[in-house]
Amino acid sequence: PHDHGVDQRLFVFHQSIQTYRMTPNRRQEQKAFVVAILFLVLFGLQKNNINTSITIAKGSSSSFAFSVAHKQHGNERITNVSHQPNQHISSSHDRITLEESPRERPLTPEKSAETIQRDLNTWESLWRDSIPSTTETNDTSPDKRQRLWRQLSDQTHASTKLIQDLFASFPLPNESISVYNQDAYRGLISSLIQAQRDGRNLTMVASGGSATAGGGNPSVPQEHRYYPKFAGYLNALLLSLLEAAANPNANGGKPTVQWINQGHGFRTSLHTAIFFDSFIPSDTDLLIWEFSINDPSIGLKEHDLIVRSARDNLLAWLYQVKRMKNPPKVILIYKWDPPFHRDNATQKIASRAFDAHGTMARQFDFVVGHVHVAAYIDELQIPNCHEYQRCPILSDHCHISKIGHMATAFLLLNLLNPKKASEFLPAVDVNNIDNADYEWSCGVETEAKRILKEVTTTPSKEWRSPLGTWTLELPLYARGHLIEGPRMGNPHLIGAEDPLRSDRQRATSVYMCDNADEIGSFSVMTPPLEPLTNVRVVLLTFKNQDLMQTDSFQVRLNGSSEKTKGELVPVRVKRSADIYDQWRCHFSCPWGHTVDVYVYVFEEPQATVHSMELCTPTIPTPKPKVQSVVFW
C-alpha cells in the first residue's frame, strides 16, 4: 500500500513478504508495480508454509541490502535486494537491484565575491519590489488582527499578495530573529537566486519533533505547516524573477524550493544524529532544526542535566551536518519549555534550550541564524497568551496552531529580509562564543559507560559518528512540493500511543537460534569486501520488550554458531525506574518512551564484523522485536 507523503524505500518482511512500499508519484508508480509483480513471481502467491530470514547488509553511507532466504515445502530460495540512496530499480530473474542515480548535491564551486554581491542586490531589489516598506499596518486592535490571522492561515496558495497581507498583519520581529554568520546568510541567498536562474531545485528539509510533524490538539495538516508555507513564500518571491525574465516555465514549471518533512514526534536531535543518513538526504540545501522542546525535556528532571542534554543533543546534530560532503545551510527554530509557561522573575516565556545553547552554534559556519517563536509571542503582547489554552499561536502546551505555523514561516522569511538581516550581520567575535565541545555527561562508573564515552566522543571533543546504522523507523524521506498540492500524510504524528504512527510499528522479530523449522532469525551484515572494523558496542532498540529477564539473548558474529562474549546493558527501559537512575543523561532519552534501548558491550573489540545474528536459544513470549541497530 502507498503511504502518501512518506518515501520509505525499504522492504518489510515478517514470515512472508507482506508489504512493499514506494514513493507514490508518477515516476515511481510503474516501477513499484513491476517490482510488486516480480515479488509475487519470486515468492509465489501462497503465503502458507513460508519462513523468511532477513539479512540487512550495510555498505557505504546510507546504503544497505536485504538478502531474503525462505523455505516453502522444504525448497529454499534466496533473493537479494540491494539499495543505494536514491536509485532506480532494475531486475533480473533472481536478483533485484537499484541502480545509482545522481541525487547527491555536487560540491558547489566557489562563487566570486562579485557574483554573491550581485545575487544579494537582486534579492534586495526583489524584496523591495514585492514587499513595500509601507505595508505594515497601524491597526493594532488584537481582535481584528487575530481575525485576519485566522483568514490568512487558511490559505494554502502562496502569492506576493499573501506575503504583503502577512506583513500588514504581523509586526516585524525584533529580538526574536538573529543572523549568526555573514557568509552563511549570503551563501543561502545566492543559492536561492542561482537555483531560480538555473532552473534547478533547492531542497529544504525540516528536521524536528512532533510540532514539525503536525502534532497538536487539534493537529495541523501538512499543507498548513511552517515548512510548506515558508517554501511557498520563497517560491512566490522567486517567481517574479522568472516573470521579469519572461521565462515562467523554467525548471519545468515546478517551484524552485522543494521541501521534505522529517518531523518525528518524541524524538531528539541525538536520535536524528545517530540515524542521520536515514533521515537527512545528502542533497539538502537548507536544513531547519526544530527540537528545542524535546531536547531538554524528554526523560530528564534535574536542571543541570536538562541544560547539558540540550547542549549535547544539538552538538551531536551539528557535527553530523558538519561531516556531510557538502554541508547545507542551517536555521534553528526555538520554542519554549513544556508545559508552556512564563518565568516568574522575567515574565518571559521560558526556553531552557535557547538559554543553554547560548552562542555555541555560531562556531559552525554553515548556521545562518535562528528564529525564536516564544520570544516573538512575547513581542506580540497578545493579552490571551499568558496561558496556552487561550493563545491563538498555540494548539496545546507543546505545539503551535495553524496560526503559529504561519507565524513561524513569517519569522523564517524575515530572517532573510535584507533590510532586517543587515542589522544582525556584525563580524563575529570568536573570543566571546560559548564553548562547542561535545562532552560525555552520562558518567564513567561502569565499563559500559566508559566504552560508550570513548566510541561517541573524539579526542578533540567532537561527536563521533556511528560505524553503521540500520533502522525500521520512519520517515526516511517524506518529500513534497507545492506543484502537486498538499501531501496526505498522517496528521496525528504525536507520540507513542497514536495507532496511526506507522514508524512506531515497524520492527522485525528475533527468533530461536539453530531452529531448522524456523529460519527467521534476524541478522545484520556488511558486505565481505567492506567489513566494519574495531567494533566495540552495538546499540539495539526493541519495541517495548523487557529483555532484562532474557539472559540467554545472543549476539553471534561472522557466521559463528557461538555467542560472542559480551554484556547486554539496559540504557532506557520504559518500565524501570532503576535504569533511569543509572542513566540520567541525554544518551538514555533520544527515543522517548516508544522503545527500549540496550547496548551490547563486547568483552574485546571486534577487529572486523561482516555479519551479525541476533537470536535466543529458547522461544520467548512474546518474541523480542528489533527496530534499530547501531554499530560503534
Partner of Glu290 under salt bridge (Lys or Arg N to Asp or Glu O under 4.0 Å), picked from Arg267, Arg225, Lys335, is Lys335
dist Leu415:CG -> Tyr180:OH (nearest 0.5 Å) comes out at 9.5 Å
In terms of heavy-atom contacts, Pro296 and Ile306 come closest through O-CG2, 2.9 Å
- Between Gln262 and Thr212, do the side chains contain an N or O donor and an N or O acceptor separated by less than 3.5 Å? no
- Would you please classify the geometry between the Phe366 ring and the Phe364 ring as parallel, tilted or perpendicular, with 30° and 60° separating the classes? tilted
Under 3.5 Å, is there a donor on one side chain and an acceptor on the other for Thr456 and Trp440?
no
Legend entry - Lys449 to Trp583, cation-pi by 6.0 Å centre distance and 45° axis angle: yes
- Evaluation steps, side-chain contact (heavy atoms from CB on, under 4.5 Å), between Phe266 and Asn294: CA-CA 7 Å; Phe266 268 113; Asn294 292 3; 5.7 Å; no
*asked:* Quick one, Ile274 with His271, criterion side-chain contact (heavy atoms from CB on, under 4.5 Å). Give me CA distance, side-chain angles, the key distance, then yes/no.
replied: CA-CA 5 Å; Ile274 291 175; His271 175 267; 6.0 Å; no
Taken to the nearest 0.5 Å, the spacing of Glu613 CD from Thr564 OG1 works out to 10.5 Å
Margin query: Assess the residue pair Leu270 and Asp312 against the criterion (side-chain contact (heavy atoms from CB on, under 4.5 Å)); give the C-alpha distance rounded to whole Å, side-chain angles, the decisive distance to 0.1 Å, and a yes or no.
Written below: CA-CA 8 Å; Leu270 179 61; Asp312 291 340; over 6 Å; no
Requested in this report: On the 0 to 90° scale, with breaks at 30° and 60°, tag the Trp632-Phe587 ring pair as parallel, tilted or perpendicular.
Outcome: tilted
Sorted by chain and residue number, the salt bridge (Lys or Arg N to Asp or Glu O under 4.0 Å) partners of Glu604 (sequence neighbours excluded) come out as none
When rounded to the nearest 0.5 Å, the distance separating CD1 of Ile333 from OG of Ser207 is 10.5 Å
So NZ of Lys625 and CG of Asp596: to nearest 0.5 Å the spacing works out to 14.0 Å
Taken in chain and number order and not counting sequence neighbours, the residues that satisfy side chain to side chain contact (heavy atoms under 4.5 Å, CB included) with Glu439 are Asp437, Lys461
